[in-house]
Amino acid sequence: MTEAPTESLRVETPDLLPTAEPGETPVRVMTIAGSDSGGGAGMQADMRTFALLGVHACVAVTAVTVQNTVGVSDFQEIAPEIVAAQMRSVVPDIGIGAAKTGMLASAPIIESVADTCTELGLGSIGSMPLVVDPVCASMHGDPLLAADALNTLTRRLLPLADLVTPNLDEVRLITGVNVIDAATQRDAARALRDLGARWALVKGGHLRASTRSPDLLFDGETFVEITAPRIDTAHDHGAGDTLAAAITAALAHGYPMLDAVRFAKQWVTRGLAAAYPLGAGHGPVNPLWRVR
């Protein structure tokens, strides 16, 4: 296996994705995720990123959360058959270039999503890339995935993933690897690949011992470490959703995986640098810099 070449990114305006002319149909994507009533993460963060990158967002809502900037107090799952029906309604009619998952809430929803992805050709066995953001808990530690669903996630969904994008807490839950340094980050990437994902991106934003934010991308042969400055902000709500959504948008445009991840890392770093306070807790990553 090739050792990790390091790519260092600056905090600057990233090159943007191509956009359609007025009246022309833009690139289409889908998010299969939960709704955040505070608007900072989840489906709302996905759609904000998609819109500001110039792609048309379709949705399959999996759950409705009751949350604000300080935590998640409750959530209601959507019936698995309704989640699947949303996907079946949209994909053949509108056509999408790529999709991502976020909060999937329960084992029955994950089973339904996996079955429907296979049916529609989403994921590594089909023609449309699938990014799996394995959301297990909110940034406040509130659970967003039923305890019995983790095995279903690893058994059914990861083998369909073109890319899986866990943070370090999610890596530990999924693989049992506690990432504390570059060596254990590589161990985690190998373990994720062993579970079936075509590519693994082990995010290093929570690796507080590092003076930078090192993400590690692995395809089974080559490690690539993509680092960016660690932004000094408490307002990072929705960072994982934003990163995965930007990757999905780039993949829908036909970008190779490495280029899509490079682009998204720069996009989320710029959003963190522009993050703003909101409510009594953590404000969101801010892609609204794009409109200035």
Donor-acceptor list for residues 46-54 side chains, cut-off 3.5 Å, not counting sequence neighbours:
| from | atom 1 | to | atom 2 | distance (Å) |
| --- | --- | --- | --- | --- |
| Asp46 | OD1 | Lys100 | NZ | 3.3 |
| Asp46 | OD2 | Thr31 | OG1 | 2.6 |
| Asp46 | OD2 | Lys100 | NZ | 3.0 |
| Arg48 | NH1 | Gly39 | O | 2.8 |
| Arg48 | NH2 | Gly39 | O | 3.1 |
| Arg48 | NH2 | Gly40 | O | 3.4 |
| Thr49 | OG1 | Ala45 | O | 3.3 |

Report, one line per pair, each donor and acceptor closer than 3.5 Å where one atom sits in a side chain of residues 117-133; sequence neighbours left out.
| from | atom 1 | to | atom 2 | distance (Å) |
| --- | --- | --- | --- | --- |
| Thr118 | OG1 | Ala114 | O | 3.0 |
| Glu119 | OE1 | Arg88 | NE | 3.0 |
| Glu119 | OE1 | Arg88 | NH2 | 3.2 |
| Glu119 | OE2 | Arg88 | NE | 3.0 |
| Ser124 | OG | Pro159 | O | 3.1 |
| Ser124 | OG | Leu160 | O | 3.4 |
| Asp133 | OD1 | Thr165 | OG1 | 3.4 |

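Taken to the nearest 0.5 Å, the CG atom of Leu158 stands 6.0 Å off from the CD1 atom of Ile174. Considering CZ of Phe218 and CZ of Arg186, their distance stands at 10.5 Å, rounded to 0.5 Å. Taken from CD in Glu170 to OG1 in Thr175, the straight-line distance is 11.5 Å, to the nearest 0.5 Å. Between the NZ atom in Lys265 and the NZ atom in Lys203 there is a gap of 9.5 Å [rounded to 0.5 Å]. Here Leu278 contributes atom CG and Asn68 contributes atom CG; the two are 9.5 Å apart, rounded to the nearest 0.5 Å. Remark: Ile110 CD1 to Ile32 CD1 distance equals 12.0 Å, nearest 0.5 Å.
Remark: Arg193 is not positioned above the aromatic ring of Trp199, lacking an NZ or CZ atom under 6.0 angstrom from the ring centre and at most 45 degrees off the axis.
Of the possible donor and acceptor atoms, none in the side chain of Ser213 sits under 3.5 Å from a partner among the backbone N and O of Thr227. A donor-acceptor pair is defined here as one N or O able to donate and one able to accept, closer than 3.5 Å; no such pair exists between the side chain of Ser89 and the backbone of Ala85. A side-chain donor-acceptor contact under 3.5 Å links His235 to the backbone of Gly283. Of the possible polar contacts, one joining the Gln185 side chain to the Pro214 backbone as a donor-acceptor pair under 3.5 Å is found. Looking only at distances, a side-chain donor or acceptor of Thr116 sits under 3.5 Å from a matching main-chain atom of Ser112. The backbone N or O of Gly279 sits nowhere less than 3.5 Å from a side-chain atom of Thr69 that would complete a donor-acceptor pair. With hydrogens and angles ignored, the 3.5 Å screen pairs no side-chain donor or acceptor of Glu225 with any backbone N or O of Asp215.
Screening residues 58-68 for salt bridge (charged side-chain N to carboxylate O under 4.0 Å, His left out), with sequence neighbours left out, gives no hits. Identified under the salt bridge (charged side-chain N to carboxylate O under 4.0 Å, His left out) test for residues 18-34, with sequence neighbours left out: none.
Checking each of Leu150, Asp169, Asn167 against Cys136 for a side chain to side chain contact (heavy atoms under 4.5 Å, CB included) leaves exactly one that passes, namely Leu150.
At a threshold of 4.5 Å between side-chain heavy atoms, the hydrophobic network of Ile, Leu, Val, Met, Phe, Trp and Tyr places Leu201 and Val268 in one connected group. By the rule that hydrophobic residues join a cluster once side-chain heavy atoms approach within less than 4.5 Å of another member, Val83 and Val29 end up as members of separate clusters. A single hydrophobic cluster is seen to contain both Met43 and Met87, as judged by linkage of ILVMFWY side chains at heavy-atom distances under 4.5 Å, directly or through other members. Note on Trp289 and Ile231: separate hydrophobic clusters, where clusters join Ile, Leu, Val, Met, Phe, Trp and Tyr whose side-chain heavy atoms are under 4.5 Å apart, directly or indirectly. Hydrophobic clustering (side-chain heavy atoms under 4.5 Å, transitive across Ile, Leu, Val, Met, Phe, Trp, Tyr) groups Leu153 together with Ile78.
Side-chain atoms of Phe223 and Arg190, non-hydrogen and from C-beta on, do get closer than 4.5 Å to each other. Residues Leu163 and Leu251 are not in side-chain contact: their nearest non-hydrogen atoms beyond the backbone lie 4.5 Å or more apart. A 4.5 Å side-chain heavy-atom check between Leu9 and Ile226 finds at least one atom pair inside the cut-off. Counting heavy atoms from C-beta on, the side chains of Leu272 and Asn286 never come closer than 4.5 Å. When side chains are defined from C-beta on, Arg155 counts as touching Glu111, because their heavy atoms get closer than 4.5 Å. Side-chain atoms of Asp74 and Thr65, non-hydrogen and from C-beta on, never get closer than 4.5 Å to each other. With contacts defined as side-chain heavy-atom distances shorter than 4.5 Å, the pair Phe263/Leu17 qualifies. Counting only heavy atoms from C-beta outward, the side chains of Val164 and Pro134 approach each other to under 4.5 Å.
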- [ ] Apply the test side-chain contact (heavy atoms from CB on, under 4.5 Å) to residues Val179 and Arg172: give CA-CA distance (whole Å), side-chain angles for both, the deciding distance (0.1 Å), then the verdict.
- [x] CA-CA 7 Å; Val179 176; Arg172 186 175 63 254; over 6 Å; no

Open item on the list: Show, in sequence, the C-alpha distance, side-chain angles and deciding distance for Gln86 and Val61, and conclude whether the side-chain contact (heavy atoms from CB on, under 4.5 Å) test is met.
Closed with: CA-CA 8 Å; Gln86 293 173 82; Val61 184; 3.9 Å; yes

- [ ] For the pair Thr101 and Leu157, evaluate side-chain contact (heavy atoms from CB on, under 4.5 Å) and give the outcome as yes or no after the intermediate values.
- [x] CA-CA 10 Å; Thr101 65; Leu157 203 56; 4.1 Å; yes

- [ ] Start with the C-alpha distance between Ser35 and Gln44, add both sets of side-chain angles, then the distance that settles side-chain contact (heavy atoms from CB on, under 4.5 Å), and finish with yes or no.
- [x] CA-CA 7 Å; Ser35 172; Gln44 283 76 8; 2.9 Å; yes

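Residue Ile96 comes nearest to Cys58 through the heavy atom pair CG2-SG, 4.4 Å, listed as atom of the first residue, atom of the second, then distance. Nearest heavy atoms, Trp267 versus Ala246: CD1-CB, 3.9 Å. The shortest heavy-atom contact between Arg230 and Gly204 is NH2-O, 3.6 Å. Ala20 and Pro26 make their closest contact through CB-CA, 3.9 Å (heavy atoms, listed as atom of the first residue, atom of the second, distance). What you find for Met103 and Ala63 is that their closest heavy atoms are CE-CB, 3.8 Å. When every heavy atom of His237 is checked against every heavy atom of His282, the shortest pair comes out as CB-O, 4.0 Å.
Within 6.0 Å of CG in Asp232 there are 12 or fewer heavy atoms belonging to other residues, nucleotides or ligands.
Applying the salt bridge (charged side-chain N to carboxylate O under 4.0 Å, His left out) test to Asp162 and every residue at least two apart in sequence or in another chain returns Arg198.
Clustering of Ile, Leu, Val, Met, Phe, Trp and Tyr by side-chain heavy atoms under 4.5 Å joins Val66 with none of the others.
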